[in-house]
Amino acid sequence: MERIGKGTSAREVVCTGISAFLALVCAVRIFLLLYAQGSVYTMGILPLALLFGLYSLWKRALFLKEVFFSVTVRAVLAVGFAALQVLGLIFSHPGICSAPEAVLWIVCFVPITFAGQNMLFFLAGKAVGDDVERKGSFLGAFAVIFGGFCIPFATYYPAIMAYDVIPQLDQIRVSGLTTHHPLIHTLMLKGCLAVGELLSFLPNPDRAGLATYSLLQMAVMAACFAYIYCFLCRHGVSRWLCYAFVLCAAFFPTHGMLAVSITKDTIYAALTMVFAAFAYELAAGEKDPGNGWFVRYAVLTVLLLLFRNNSVYAWILYVLVVSVSSLRKKTFFRRAVIAHGAAFLLYLALNTLMVQAVSATSSTYAREMLSVPAQQIARAVQYHEDELTKEDREAIAAVWGENLPEYVPAIADRSKRDIAGDGETLRIFVKEWVSLGLRYPGEYVQAFLLKNKGMWDMTDVSYLNDVYSYAKGYLQITYPSDQQEYMEALVPGYVRHQKLQPLQSLYRYFAAGDELWRYCPPVALVMQPAFYCYLLLFYCLCCIGLKRMRLLLPAVYLLALAGTVLLGPCVLTRYLYPLMLSVTVLALLLFGRRRGE
C-alpha cells in the first residue's frame with residue numbers, strides 16, 4: 001500500500017484515526033454520564049490526558065517500536081492503566097454503566113493510552129542528560145522559601161491546628177506522653193509551648209509557644225528545600241527548573257500550609273526528600289563522598305526513623321537492597337554498611353532514652369496493623385450479612401462485641417476501632433479472616449482497592465471528602481467542631497486571629513473547601529496523590545529501560561513507604577506528602593538535566 005505523507009503509511013493513518021475516534025466517543029459518553037450525575041468537576045484530569053493522547057497519536061507514537069521495552073510489555077502496562085482508571089470511575093459512580101460497556105471503554109482507551117505511554121518513554125529517553133555542575137545559593141533559596149512561608153504564617157497565626165494535634169496536646173497537658181505519635185515530634189511541640197511560657201513579656205504564652213513551633217518547622221522545611229535546590233544545581237538540573245522548584249516550594253499553597261500546620265508528617269516529608277537525594281548520591285556516585293558525607297547521612301537517617309514510627313520497616317528493606325546491590329563493588333561500601341549500622345543503633349538508643357526520660361507509655365496496639373483485614377471482613381459482613389453462619393457471628397461477636405464492624409470504604413479506622421489486642425482475640429480474628437476470604441475473595445479485593453483508591457485512580461476524590469467528615473478537603477486541616485471546647489481547655493490562649501480574612505478564604509478555598517480547582521487540569525494533576533504513585537512507577541521503569549539500575553536504589557525506600565500506606569488505614573495527602581516531594585526530586589534528577597548546559 002502506498003505511503004501517505006512523509007514516512008506514514010495508509011494503514012498507520014487508518015489505525016491512528018480509529019484510535020482517536022474511539023477515545024473521543026468514549027470520553028464524550030463518560031462526560032455526559034458524569035454531567036447527568038452532577039459530577040463533571042471530576043473531569044479535570046481526563047481532558048488533559050485525552051489531549052496528550054491525541055497529540056501522541058498525531059506524532060505517530062502508536063507505532064514506536066523501540067521505546068525501552070517490548071511491545072508486549074508496553075501493551076500490558078497500557079491495558080493495566082486503562083483498566084484501573086475505568087474501574088476507578090465505576091467505583092466512584094456505581095451503576096454509571098454496565099459491565100460490557102466498561103469493558104468496551106477499556107478496549108477503546110487502550111490504543112490512545114499505549115500511544116501516550118510510548119511518547120512519555122520517548123521523551124524520557126531524550127530528556128536524560130549529563131551532570132553539569134553548577135552552584136546554587138543556599139541562603140538565597142532559604143530566604144525566598146522562608147519568606148513565602150511567612151504568608152500562610154501571617155494568615156493562620158499562630159498555627160494551623162490540624163486534628164492530630166488534639167491527642168498530642170492531651171498527652172502534653174493531661175494524660176501523659178505515649179509513643180502513638182512520634183515521641184520526638186510530641187516533645188518538640190511540648191518544648192515550644194514551654195518556650196512560650198518563658199516569654200513572660202508576651203500577653204499570651206500559648207499563642208507564643210504555637211508560633212514558636214510554626215517558625216521552627218518553617219525553618220526546617222525551608223532549609224530542606226534550599227538544600228535540595230543546591231543539590232539539583234550541583235547535579236546539572238536545568239537552572240530554570242531549579243528556580244521553578246524554589247518558587248513552587250515558597251508559594252504553592254500546599255507547602256506553605258503544611259509548613260505552619262502542627263502535624264507530624266510535615267517535617268518527616270522534608271527529611272524523606274533529603275534522604276532520597278542522599279540515596280541518589282550514594283547510588284550514582286563513583287567517587288568516595290568522604291567521611292563527612294557519611295556522618296551527615298547517618299544523622300539524617302536517625303532523624304528520619306525518629307519522625308515516623310513505621311518508617312523503620314521501609315528503611316530496613318532499603319538497607320537490605322543496598323547490601324545486595326552493585327554498590328558492593330564500590331570502594332566506600334564498607335563505610336556505607338558502618339553508617340547504616342551506626343544509624344540504626346543510634347536510633348534505638350535515642351528512642352529508648354526519650355521514652356525512659358519522659359516515662360512515655362507504649363500506645364501502639366496490634367489493631368493498628370489490621371487495617372486491610374479488618375476492612376475486608378467488614379465489607380464481607382456488610383454485603384453478606386444474611387449468609388453468615390452461627391460460627392461467623394460468634395467469631396465476630398468475640399472480636400467486635402455486640403455490633404457488627406462498621407464499613408466505610410475509604411477508611412479502616414472505624415472497622416478496626418473496637419478490636420482488642422489480646423492474643424486470643426487476634427487468633428479468632430485471623431481464623432475468621434481466612435474463612436470469609438475463602439468464601440468472598442471478590443469482596444476482599446474490592447475492599448483493598450477501595451481503601452487505597454487514592455493511590456491508583458487519577459480522578460479519585462475519596463481523599464477529599466470520604467475519609468473524615470469533619471476534615472474535608474485536600475489537606476484535612478480542621479478538627480471536629482465538638483472538640484472545640486476541649487481544644488480551648490488544652491491551650492486556653494489559642495485563638496487564631498481573623499485579621500487576614502481574604503487570604504484565609506483563599507487558602508481555605510484551595511485546601512479545605514470547594515473543589516472548583518479540579519476544573520483546572522494542571523492544578524488537579526499535581527494535587528492528586530495517584531499522580532505521584534504513577535510517577536514513581538514511571539521513574540522505576542525508565543531506570544530499567546535506560547539501563548541505569550543503580551538509580552533504582554533511592555526509589556526502594558519510597559516504594560516501601562508507599563507499601564506502608566497501602567496497608568495503613570486510609571490514603572491522605574499528608575501521608576503521601578513525603579512520596580510527593582521525593583519522587584518529584586528524583587524525576588528532576590533523571591529528566592531535568594541537559595547536556596553541556
Side-chain angles (χ1 to χ4, degrees), residues 134-160 162 185 188 192 210-278 280-281 296 299-300 303-304 307 474-475 477 500 503-504 506-507 510-511 522-523 526-527 532 573-574 576-589 592:
R134 189 178 65 255
K135 291 183 178 180
S137 172
F138 175 87
L139 291 178
F142 178 87
V144 171
I145 297 169
F146 190 85
F149 289 167
C150 286
I151 300 174
F153 176 62
T155 303
Y156 286 100
Y157 182 85
I160 294 176
H185 182 261
M188 176 180 166
C192 290
L210 295 173
T212 301
Y213 175 90
S214 294
L215 290 170
L216 178 58
Q217 185 166 270
M218 288 162 56
V220 172
M221 289 285 290
C224 289
F225 276 119
Y227 175 85
I228 293 298
Y229 163 73
C230 296
F231 184 87
L232 295 175
C233 291
R234 193 165 66 248
H235 284 267
V237 174
S238 166
R239 61 169 55 90
W240 298 111
L241 288 177
C242 292
Y243 296 156
F245 177 83
V246 170
L247 292 176
C248 180
F251 300 110
F252 194 70
T254 298
H255 306 307
M257 295 186 75
L258 285 175
V260 299
S261 177
I262 301 182
T263 169
K264 60 184 181 293
D265 302 286
T266 300
I267 292 179
Y268 173 73
L271 294 173
T272 302
M273 176 179 62
V274 177
F275 181 80
F278 269 76
Y280 179 93
E281 201 164 30
R296 294 192 297 273
V299 172
L300 173 65
L303 292 174
L304 187 78
F307 267 94
Y474 179 61
L475 299 179
I477 60 173
L500 298 176
L503 278 176
Q504 284 194 19
L506 175 64
Y507 279 115
F510 177 87
V523 177
V526 300
M527 296 173 70
Y532 296 92
T573 297
R574 63 187 182 89
L576 286 172
Y577 189 51
L579 182 68
M580 295 165 74
L581 293 181
S582 303
V583 74
T584 300
V585 172
L586 293 182
L588 288 172
L589 288 167

(request) Kindly say whether L258 contributes a backbone atom to a donor-acceptor pair with the side chain of Q217 at under 3.5 angstrom? (result) yes

(request) Indicate the atoms forming the closest heavy-atom contact of V585 with F245, along with that distance. (result) CG2-CE1, 4.3 Å

(request) Indicate the atoms forming the closest heavy-atom contact of A223 with F138, along with that distance. (result) O-CE1, 3.4 Å

(message) With rounding to the nearest 0.5 angstrom, report the SG to NE2 distance, C248 to H255.
(response) 4.0 Å

(request) Hey, could you give me the OG/CG distance between S238 and L588, rounded to the nearest 0.5 Å? (result) 9.5 Å

(message) Determine whether M273 and C224 satisfy the following criterion, side-chain contact (heavy atoms from CB on, under 4.5 Å), listing intermediate values before the conclusion.
(response) CA-CA 8 Å; M273 176 179 62; C224 289; 4.2 Å; yes

(message) Could you go through L216 and C192, starting from their C-alpha distance and side-chain angles, then the distance that decides it, and tell me whether this counts as side-chain contact (heavy atoms from CB on, under 4.5 Å)?
(response) CA-CA 9 Å; L216 178 58; C192 290; 4.2 Å; yes

(message) Please determine whether side-chain contact (heavy atoms from CB on, under 4.5 Å) holds for the pair I151 and F251, giving the CA-CA distance in whole Å, both sets of side-chain angles, and the decisive distance to 0.1 Å.
(response) CA-CA 9 Å; I151 300 174; F251 300 110; 4.1 Å; yes

(message) Between T266 and I262 (side chain of the first, backbone of the second, donor and acceptor by atom type, cut-off under 3.5 Å), is there such a pair?
(response) no

(message) Using side-chain heavy atoms (C-beta onward) and a distance below 4.5 Å, is F231 in contact with E281?
(response) yes

(message) Would the distance check show the side chain of S214 and the main-chain N or O of P158 forming a donor-acceptor pair, the cut-off being under 3.5 Å?
(response) yes

(message) To check you understand the geometry: which heavy-atom pair defines the closest contact between L232 and L589, and what is its length?
(response) CD2-CD2, 3.8 Å

(request) Measure across S137 and C230 and return the closest heavy-atom pair with its distance rounded to 0.1 Å. (result) C-SG, 4.0 Å

(request) To the nearest 0.5 angstrom, please state how far the SG atom of C150 sits from the CD1 atom of I145. (result) 12.0 Å

(request) Output the distance between atom CE (M218) and atom CE (M221), rounded to the nearest 0.5 Å. (result) 10.5 Å

(message) How long is the straight-line distance from NZ of K264 back to CZ of F307, given to the nearest 0.5 Å?
(response) 12.5 Å

(message) Centre-to-centre under 6.0 Å for F142 and F146, is that the case here?
(response) yes

(request) For this output row, return yes or no: ring centroids of Y229 and F225 closer than 6.0 angstrom. (result) no

(message) So which atom in R574 and which in T263 form the shortest heavy-atom distance, rounded to 0.1 Å?
(response) NH1-OG1, 3.4 Å

(request) Would you mind reporting whether Y577 and D265 have side-chain heavy atoms less than 4.5 Å apart? (result) no

(message) To check you understand the geometry: which heavy-atom pair defines the closest contact between A270 and L581, and what is its length?
(response) N-CD1, 4.3 Å

(message) Quick check against the 3.5 Å criterion: does S261 have a side-chain atom that pairs as donor or acceptor with the backbone of M257?
(response) no

(message) Determine whether a donor-acceptor pair (N or O, by modelled atom type, separation under 3.5 Å) exists between the side chain of Y532 and the backbone of V526.
(response) yes

(request) State the OH-CG distance between Y280 and L586, to the nearest 0.5 angstrom. (result) 8.5 Å

(message) Is there a side-chain contact between Y268 and H185 in this structure, where contact means two heavy atoms from C-beta onward sitting under 4.5 Å apart?
(response) no

